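In what follows, every chain begins at residue 1, and chains take the letters A, B, ... in the order their sequences are listed. The structure displayed is predicted, hence computed values, not measured ones.
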Amino acid sequence: MGTNVQTITEQVSLIASETTWIEGAAIQQLKKTAELSGMVRVAGMPDLHPGRGYPIGAAFYTRNKIYPALVGNDIGCGMSLWQSSLKVSKINLDKFMKKFDRVEAPLDESWSEVVKRRKGEKDITTQAFDLSLGTIGGGNHFAEFQAIDQVYDAKALKALGLDKKQLQLLVHSGSRGLGQSILVEHIRQFNHHGLIAGSEDCQHYMQQHDEAVRWAELNRELIARRFLEAARSEGHLVLDVNHNLVTAKALDNQSGYLHRKGATPSDLGYVVIPGSRGDYTYLVKPQPSEQSLYSLAHGAGRKWKRGDCQGRLSHKYKKDDLVKTALGSRVICGNKELLYDEAPQAYKKCESVVADMADAGLLEVVARLRPVLTFKTHGDCS
DNA sequence: ATGTAC
């Protein structure tokens with residue numbers, strides 16, 4: 001075992017240094033999840049925190065069964081990084097912020113052709129949630145313009161087609177109401193018992209799951225395209241990685257299923273580990289490892305529960321204090337609850353989470369990106 | 001997390 005790989009039980013490991021704060025409740029959930037039938041191994045990431053019954057920031061490996069509830073409602077949620085054609089040096093923040101007045105409504109008619117074409121190309125037939133396509137949603141979802149602030153591996157940066165002078169766009173969103181509807185219907189039918197791998201019910205779930213993953217990818221693409229258009233910019237996709245999904249994966253020459261809930265794949269090339277708005281994002285080169293179930297943290301990880309944050313912060317920080325950050329970036333968030341719940345103070349430092357994984361030999365840092373403008377929502381009190 | 005619940 002390398003450093004920063006803690007053994008909780010025979011089945012359960014945790015990627016974190018001894019000094020990284022992990023809530024006890026999250027470890028309890030991790031151990032509880034390991035007791036599910038068919039569970040082989042569970043790995044917690046350094047951003048592990050409690051969820052509703054199951055923890056967030058973890059990978060779960062099963063044989064013979066899959067557990068849709070472990071993936072959760074936001075099937076296909078992930079991170080998409082685009083490079084814009086805008087020069088960082090040309091950005092006037094006060095002016096720039098005003099460009100994003102119309103990025104929350106359903107996509108208008110001017111998008112219908114590209115939506116139709118891309119849905120076809122991605123074999124997405126469901127129409128029930130078309131109105132949500134191209135919208136960010138709530139919670140920890142965002143669209144954030146960033147500047148490459150430190151380069152540690154210039155070769156890798158170049159291989160990705162990234163230019164330090166260009167403004168980048170990071171999109172965090174998922175399958176909106178579609179994934180939710182799939183999970184709700186599944187739980188109504190099967191509760192939390194999971195599905196026998198290969199069964200008809202399992203195949204049916206996987207078919208819906210896979211479509212929701214493709215829908216979430218298209219959603220991020222459309223969000224990026226509409227933000228780039230609003231910024232009067234061109235752009236190209238650099239990477240897109242899902243952190244909520246279940247996929248077939250062979251381990252020890254035996255087939256099985258790798259569930260990821262807030263866990264970024266480390267076996268698919270470069271990924272980003274985002275800090276909460278007001279903190280740095282890290283572009284990293286993963287080193288695939290079975291020790292972490294081929295996964296990495298999907299972010300900095302919550303330190304404080306949603307709902308607790310306003311009480312903990314409002315004595316010290318008013319609304320106006322939270323829309324400008326210590327790194328000089330701006331935040332558009334007209335929803336007061338979200339403004340507090342997603343404040344950088346509510347999260348761990350991304351640097352420490354990344355360092356835990358680097359020290360465990362799970363990644364090498366390519367570059368550090370600093371936030372420029374984080375868009376959450378115009379909300380109800382902007 | 002959620003075209004946000006009783």
Just call it for Gly139(A): base, sugar-phosphate, or nothing, with non-hydrogen atoms closer than 4.0 Å on any strand.
->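 Result for Gly139(A) = sugar-phosphate.
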Please work out if Gly137(A) contacts a base, only the sugar-phosphate, or nothing of the nucleic acid, heavy-atom cut-off 4.0 Å.
->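 Here Gly137(A) touches the backbone only, sparing every base.
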Got a sec, which pairs hit salt bridge (Lys or Arg N to Asp or Glu O under 4.0 Å) with one end in residues 185-195 of chain A, sequence neighbours left out?
->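 For residues 185-195 of chain A, and leaving out neighbouring residues, the salt bridge (Lys or Arg N to Asp or Glu O under 4.0 Å) pairs sorted by first residue read Glu185(A)-Arg188(A).
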Let me check something: any side-chain donor-acceptor pairs from residues 231-239 of chain A under 3.5 Å, sequence neighbours excluded? List them with distances.
| residue | atom | partner | partner atom | Å |
| --- | --- | --- | --- | --- |
| Arg232(A) | NH1 | Ala230(A) | O | 3.3 |
| Ser233(A) | OG | Ser85(A) | N | 3.1 |
| Ser233(A) | OG | Ser85(A) | OG | 3.1 |

Could you list all N or O pairs between the protein and nucleotides 3-5 of chain B that sit under 3.5 Å apart?
| residue | atom | partner | partner atom | Å |
| --- | --- | --- | --- | --- |
| dG3(B) | OP2 | Arg176(A) | NH1 | 3.3 |
| dG3(B) | OP2 | Gly177(A) | N | 2.4 |
| dG3(B) | O6 | Ala128(A) | O | 3.3 |

Which residues share a side chain to side chain donor-acceptor pair (under 3.5 Å) with Tyr270(A), sequence neighbours left out |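 Checked Tyr270(A) against side chain to side chain donor-acceptor pair (under 3.5 Å); zero matches.
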Could you tell me the separation between the NE2 atom of His172(A) and the C1' atom of dT2(B), rounded to a whole number of Å?
->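 So the NE2-C1' distance, His172(A) to dT2(B), works out to 14 Å.
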Let me know the distance between CD1 of Ile56(A) and P of dT2(B), rounded to the nearest Å.
->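 Taking atom P of dT2(B) as the reference, CD1 of Ile56(A) is at 13 Å.
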Ignoring hydrogens and angles, tell me if any N or O in the side chain of Ser295(A) forms a donor-acceptor pair with the backbone of Leu293(A) under 3.5 Å.
->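 Yes, because the side chain of Ser295(A) sits within donor-acceptor range (under 3.5 Å) of the backbone of Leu293(A).
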Without placing hydrogens or testing angles, list every side-chain donor-acceptor pair under 3.5 Å for residues 362-371 of chain A, not counting sequence neighbours.
| residue | atom | partner | partner atom | Å |
| --- | --- | --- | --- | --- |
| Arg368(A) | NE | Asp149(A) | OD2 | 2.8 |
| Arg368(A) | NH2 | Asp149(A) | OD2 | 2.6 |
| Arg368(A) | NH2 | Tyr280(A) | OH | 3.3 |

Could you name each residue pair satisfying side chain to side chain donor-acceptor pair (under 3.5 Å) that touches residues 191-203 of chain A, not counting sequence neighbours?
->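 Listed by first then second residue: Tyr54(A)-His192(A).
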